[in-house]
**Q** 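For reference, the structure I am asking about is given below.
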Amino acid sequence: MPRAHPLTAQLARLPRVHLAPLPTPLDDAPRLARALGGDRRGPRLLVKRDDLTGLALGGNKVRKLEYHLGEALAQNCDVLVTTGAIQSNHCRITAAAASKAGVDAVLILRPGESDAVQGNLLLDRLMGARIRIAPQPTGDAVGTTVAEEMESLRLKGRRPYFIPTGASTPLGAAAYVDAFFELLEQAEALGVAIDAIVFCTGSGGTQSGLVAGAALSHSEIRILGISDGTSRAELAPAVSALVRGLGARVEVTLDVAPEDVIVLDEYGGTYGAPTRECLEAIRLAARSEGLILDPIYTGKAMAGLADLVRQGRWRDDQTVVFWHTGGQPALFAYAEDVVPG
Ligand SMILES: *Cc1c(COP(=O)(O)O)cnc(C)c1O
């Protein structure tokens, strides 16, 4: 039983479909901690394994889809429509959730450098999603394609339910409030005090849930989002708005100012392009712990964590949680970068 947290009753009223085996593990990663700390040692490192959320190779989108699929089915929808990058983890999980619920999925994908049928795109096709590639990668072109698709489905008498990019909505945030309290409970059982949570932030849903959870519990845990390439100027207000939107949704005043949202945007480089430090971090995690990261999100977050540890951000007696958000299928679409030659 999850410990009662301040929003338990409100969130329990939202329709939800169980997709993820919870709680996900919280694992010690002592060899990676030592490798990151080097001579100066460094903090204890725990890894929150949200890559193990079960459905269709998992990741952070599974928790978010529990609430979105719940709402979609409550509205009697018969097709999920969403959008993302060509190697979108969110689109893969939407396709999987649709398969599991017996409804259709339409994915509007932004054209990328490679449309090789690999990684997430391969899994999307395997799960039978209908795929439309937007004519251009711009927000306008994608928006127009989504609007056309929704209209055409309605004209055919279908009942489409649209899930915004990354399922980063107040419902997506709700899922990560739950997740935050899940982590607190695990930390309590282990008898550890967590000083910071480090993870990759992209469309802000994960961060808004963690930040809201910390605010609700008056927790001192620092929520450090390392961006996937999105700028802090864009993300901090978006996270703040999602937190407010969650509050409105559950009729609780929730206010976190953009200045209080920590987004480190110096490690992400360009979205979708793995940096050298990201690739090094992927190899380090794989070789020290058998822990598999991905080239678009978690590798960049680990590169950021490595730099923060190197700078001496934490003492040896502190504990940092690296929140693994999944994404590993994309490794196979970036094979040449990950293991060159
Ligand atoms: C979507 C995604 C993120 C970013 O999460 P947001 O809630 O969109 O900020 C991080 N890591 C992985 C693997 C993802 O798929």
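Counting starts at 1 for both ligands and their atoms, in listed order. Everything numeric here is computed off the predicted structure, so don't read it as measured data.
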**Q** Mind jotting down which protein residues get a heavy-atom contact under 4.0 Å with ligand 1? Chain and number order, please.
**A** N60, K61, K64, N89, S168, C200, T201, G202, S203, G204, G205, T206, Y297, T325, G326, G327
**Q** How about CZ on R159, more than 12 heavy atoms from neighbouring residues, nucleotides or ligands closer than 6.0 Å, or not?
**A** yes
**Q** Would you say the side chains of D195 and T319 form a donor-acceptor pair under 3.5 Å?
**A** no
**Q** Would you mind listing every ring-ring contact (aromatic ring centres under 6.0 Å, His included) that reaches into residues 320-341, with sequence neighbours excluded?
**A** Y176-W323
**Q** Applying salt bridge (charged side-chain N to carboxylate O under 4.0 Å, His left out), which residue pairs with at least one partner in residues 59-71 are found, sequence neighbours left out?
**A** R16-E66, D50-R63, R63-E182, E71-R249
**Q** What donor-acceptor contacts under 3.5 angstrom involve side-chain atoms of residues 252-270, with partners at least two apart or in another chain?
**A**
from	atom 1	to	atom 2	distance (Å)
D265	OD2	R232	N	2.7
Y267	OH	D307	OD2	2.6

**Q** Tell me whether R283 at atom CZ has more than 12 heavy atoms from other residues, nucleotides or ligands lying less than 6.0 Å away.
**A** yes
